[in-house]
Number of protein chains: 2
Amino acid sequence: MNEQVSPLEAVWKASPYDGAREGLSLGRIVAAAITLADAEGLAAVSMSRVAKALGFTTMSLYRHVASKEELILHMQDVAVGPPPTTFDPAADEDWRTGVERWAWGTVERLRAHPWILQTLPILGPPATPNQLTWLEYGLRTLRATPLLEPEKLQVILLINAHVFGDATFHDAEVADDDSYETLFARYLDPGRFPAVIAAFSGGAFAEGPDPATDRDEQFRFGLERILDGVAQLIGSR
Amino acid sequence: MNEQVSPLEAVWKASPYDGAREGLSLGRIVAAAITLADAEGLAAVSMSRVAKALGFTTMSLYRHVASKEELILHMQDVAVGPPPTTFDPAADEDWRTGVERWAWGTVERLRAHPWILQTLPILGPPATPNQLTWLEYGLRTLRATPLLEPEKLQVILLINAHVFGDATFHDAEVADDDSYETLFARYLDPGRFPAVIAAFSGGAFAEGPDPATDRDEQFRFGLERILDGVAQLIGSR
DNA sequence: CCTCGACTGTGTATGTCATACACTTAGTAT
DNA sequence: ATACTAAGTGTATGACATACACAGTCGAGG
C-alpha cells in the first residue's frame with residue numbers, strides 16, 4: 001500500500017503484479033476481485049466479499065490497497081492487461097491492417113471483462129499502465145501516416161469509443177433481454193417512432209442464428225466506416 | 001409509484017413529468033435529484049439527501065418511486081430531455097447537415113449533465129422515452145439515404161459512441177487535472193511510450209487559449225471522419 | 001541470544017446507505 | 001358517519017467503506 005498517493009498513481013507504482021507465495025498480496029487480492037466481478041458483476045465486489053474469498057478479514061485488504069477505488073483501478077489495469085507483443089505493428093505494415101488488428105484486440109479484452117465498463121465513472125482518458133500500452137500500440141499503427149500527432153490520437157480514441165459503444169450496447173441487452181422486446185412492443189407508438197421501429201425490426205435486436213457473428217458484424221461495420229473516413233483524409237494529404 | 005414493474009417500464013409509464021402543486025411528486029423528486037447531481041455529481045444523490053432537499057423524510061420518496069434505480073432512470077430521461085422539434089429533419093434536407101445538427105445537439109445535452117455518463121452502468125441500448133426520441137430523430141436524418149435499416153442504426157449508434165467518448169475523455173480531465181500532467185511526466189518512460197508522448201505533447205492535453213473550442217475541434221474531427229466514411233458508403237450505392 | 005521495530009493481519013466501532021414494515025393521518029366515496 | 005385509500009413518517013435491519021487500536025511474527029542490530 002502507498003501513503004498519500006492518488007489511486008491512479010498507486011497503480012503505476014505497483015507495476016509487477018507480484019505474488020508472494022503466501023499471505024495476502026496485491027496480486028492475489030486483485031485476482032480474487034476480478035474473479036468475483038467476472039462471475040457476478042462489479043457490484044458484487046465489496047471489500048468484505050473479496051476478503052472472504054481469500055480467507056482473510058475485510059480490513060486485511062487495506063494493508064495492500066489504500067481504498068476501494070484503488071482496488072478497482074488495479075482490477076481494471078490487470079483485466080485490460082498488456083497487448084500481445086505481436087500487436088506491435090511492424091514498420092512496413094499497412095496502417096489499416098494494423099489498426100484493425102488493434103481494434104479487434106481491444107474489443108476482445110473488453111468483452112472478456114464487461115464490468116470494465118462500470119469502472120468508467122472513475123476514468124477519463126486512458127491512464128492506467130496497460131491502457132496506455134494499448135494506446136501506444138494503437139498510435140504506432142499510424143506511425144507511417146501523414147496524420148498530425150493530435151489527429152492520430154483522435155483516431156485511436158474514436159475507435160476506442162466505438163469499442164465501448166459496442167460493449168455498452170450489447171451489455172444490458174443480455175441482462176434485460178426479453179424485457180426489451182416486450183417494452184418496445186408495448187410502448188413504441190408507431191406514429192411517434194416510425195424510424196426506430198423500422199430500424200429495429202430490420203433485425204438489430206432479433207439476432208440471427210449466431211448472435212456473436214451479428215455482433216461482430218455490427219462492430220465491423222462501424223469500424224470500416226471510421227477507417228474509410230480516415231483513409232480518405234490520409235489520401236488527401 | 002408502480003407495482004411490480006421494471007424500473008425502465010416505470011419511466012415509460014410516467015411520461016408527463018407532472019407536478020401536483022403541493023406535496024411530493026415524481027417531477028419534484030426528479031428535479032431535486034438532478035439539481036443535486038449537477039452540483040455535486042451522481043454520487044451525492046442519495047435517497048436521504050434528495051428527500052432532505054425537498055423537506056421530506058427519506059421514506060417519503062418511495063411513495064413515488066419504487067427504488068433508487070428507478071429514480072436514476074427517471075433522472076436520466078429528464079436530463080436528456082426531448083430533442084428540440086426543430087431537430088426533426090426536413091424531408092428535403094441533406095442527410096449530412098441533419099446528422100451534424102443532431103450530433104452537436106446530443107453532445108450539448110451530455111455536456112450539460114455529465115453525470116449521465118455514470119448512469120450508463122444501468123443501461124444498454126437507448127431505452128428511455130427521450131433517448132428513443134433522439135434516436136428517432138437521428139434515424140430520420142438518414143431517411144432519404146440508400147442505407148439499409150440496420151446500417152442506419154449502426155451509423156447513429158456509432159456517432160452516439162463518439163459523443164460518449166468525448167464526454168468520457170474530457171470528464172476526469174477536469175477532475176484530476178494537474179495530476180495528469182504530473183503523472184505522465186513522472187511515469188511515462190519515453191522508451192516505452194514514444195508514440196503516446198508524441199501525441200500528447202502535440203497538445204492534446206495542453207489546451208490552447210480556449211479549451212472549449214479545442215474540445216469542440218476534437219469532436220468535430222472524429223465526427224467528420226465518421227461522416228466521410230458514411231458518405232463514401234452512400235456514394236457507392 | 002535478546003530486543004526492538006517494522007510489517008501484516010485482526011476486531012471492534014462508526015457513519016452512511018437502501019429499503020422493509022408498521023403506523024398515522026387526511027381526504028374521498030358511500 | 002364509515003370505510004377505504006393515498007401520502008407521509010419513524011423505526012429497524014443489514015450491507016458497506018473505513019478509522020483505529022491491538023497482536024503476532026520476523027529480521028536486524030546489540
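Below, read A as the first sequence line, B as the second, and so on, with proteins coming before strands; counting in each chain starts at 1. Quick caveat: nothing in here was measured; it's all calculated off a predicted structure.
- In this structure, A:E69 atom CD and D:dT18 atom C1' are separated by 14 Å, rounded to whole Å.
- Under the 3.5 Å distance criterion, with hydrogens and angles disregarded, a donor-acceptor pair is assigned to the side chains of B:Q218 and B:H170.
- B:H64 has a side-chain polar atom (N or O) that falls below the 4.0 Å cut-off from OP1 or OP2 of D:dG8.
- Map A:K68 and B:T57 each onto its nearest nucleotide of DNA chain D; the residue landing nearer the 5' end is B:T57.
- If you measure from atom OH of B:Y62 to atom P of D:dG10, you get 17 Å, rounded to the nearest angstrom.
- Atom CH2 of A:W102 sits about 6.0 Å away from atom CD1 of A:I159, to the nearest 0.5 Å.
- Taking the 5' to 3' direction, DNA chain C first and last meets chain A under 4.0 angstrom from a heavy atom at C:dT8 to C:dT12.
- Between A:F219 and A:W104, the angle of the ring planes goes over 60°, which puts this pair in the perpendicular group of the 30/60° scheme.
- With sequence neighbours left out, A:F87 forms a ring-ring contact (aromatic ring centres under 6.0 Å, His included) with A:W134.
- At whole-Å resolution of the value, NZ in B:K52 and P in D:dT9 are 13 Å apart.
- Taken to the nearest 0.5 Å, the CG atom of B:D77 stands 8.0 Å off from the CH2 atom of B:W12.
- Partners of A:R101 by side-chain hydrogen bond (donor to acceptor under 3.5 Å, both in side chains), not counting sequence neighbours, listed by chain and number: A:E93.
- Looking only at distances, a side-chain donor or acceptor of A:Q131 sits under 3.5 Å from a matching main-chain atom of A:A127.
- For B:F56, there are no ring-ring contact (aromatic ring centres under 6.0 Å, His included) partners two or more places apart in sequence or in a different chain.
- A heavy-atom distance below 4.5 Å is found between the side chains of A:L158 and B:I226.
- Checked by atom type and distance alone, the side chain of A:E70 never pairs as donor or acceptor with a backbone atom of A:V65 at under 3.5 Å.
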Tabulate atom names and distances for all N/O pairs under 3.5 angstrom spanning the protein and nucleotides 22-28 of chain D.
none

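- Put simply, the side chain of B:L132 reaches to within 4.5 Å of the side chain of A:L188, judged on heavy atoms.
- DNA chain D lies under 4.0 Å from no heavy atom of any residue of residues 39-48 of chain B.
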